[in-house]
Visitor: 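I have a structure I would like to understand better, so I am pasting it below and will then ask my questions one at a time.
For ligands, and for the atoms within them, numbers begin at 1 and follow the listed sequence.
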Amino acid sequence: MSTENRLRDRIADLGRSLFDRGLTAGSSGNISARLDDGWLMTPTNASLGRLDPARLSRLDADGRLVSGDRPTKEAVLHRAMYEERPRAGAIVHLHATHSAAVSCMDGLDGDNCLPPLTPYFVMKIGRLPLIPYHRPGDPALGDAIRAHACRHCAVLLANHGPVVSGTTLDEATNAIEELEETAKLFLLLRGTPTRPLNEAQIRELDAAPPPEGRGNPGS
Ligand SMILES: [Zn+2]
């Protein structure tokens, strides 16, 4: 099987897994993967739970549709992230409940909107910038993402949800799941005195060889 066909099947498998576990609902959420000469992207109005690998949007290097259904209306999120992260092989965007809930909270730190509660979050995501609210389809959202994506593999869109890149599709999916779990912990612990990792503990993780995720420059 060709690399492209393997990727098509993997996008459909991961989409179904994310949907079946309630990590995104309805026709929300989208997935893309880089090819040598363009991208595969999930189509507009498609449920991640019922993707047909043969109908995924196939885009050329300029982002033009070559085959398959029309791409997600949120293609701009993906393009902006890929432009700033040349080694990113895949991007996952979800309207996952807990991350979306955090994205609606007032008073978040715009430079880092979730605390470093676990080492896994620090290793896979690191600092998570909050991108100010933009209406769906606003081209200015791409610029807002580009301003942060060169330094961060993940961003949280205000009143919306997370966008996460990885060197591979599985890596991006694992990282966005870690982000969602940390958002859940953050909400569970609200009102409870908590002890996030301290600066020394974060430096120790930063110095260790990263297993995957943000440790891959540009992913
Ligand atoms: Zn969205």
Visitor: Can you confirm whether Gln201 is buried at CD, in the sense that more than 12 heavy atoms of other residues, nucleotides or ligands lie under 6.0 Å from that atom?
Guide: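 Above 12, so yes.
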Visitor: Report, as yes or no, whether the 6.0 Å neighbourhood of atom CG on Asp62 holds more than 12 heavy atoms from other residues, nucleotides or ligands.
Guide: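 Counting neighbours around CG of Asp62, more than 12 heavy atoms of other residues, nucleotides or ligands fall under 6.0 Å, so yes.
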Visitor: In this structure, is the centre-to-centre distance between the rings of His160 and His134 below 6.0 Å?
Guide: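 When the ring centroids of His134 and His160 are compared, they turn out to be at least 6.0 Å apart.
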Visitor: Can you list everything that forms a side chain to side chain donor-acceptor pair (under 3.5 Å) with Thr44? Sequence neighbours excluded, please.
Guide: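 By the side chain to side chain donor-acceptor pair (under 3.5 Å) rule, Thr44 matches Lys73.
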Visitor: Only pairs at least two apart or in different chains count here, so list each salt bridge (charged side-chain N to carboxylate O under 4.0 Å, His left out) that has a residue in residues 143-154.
Guide: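 Sorted result for residues 143-154: Glu83-Arg146, Asp143-Arg146.
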Visitor: Could you pull out all residues at least two apart from Arg58 that satisfy side chain to side chain donor-acceptor pair (under 3.5 Å)?
Guide: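 Result, side chain to side chain donor-acceptor pair (under 3.5 Å) vs Arg58: Glu4, Asp37.
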Visitor: Protein N, O or S atoms less than 2.8 Å from the Zn ion (ligand 1), ignoring waters?
Guide: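 Listed by chain and number, the nearby protein N, O or S atoms are Glu74 OE1, Glu74 OE2, His93 NE2, His95 NE2, His160 NE2.
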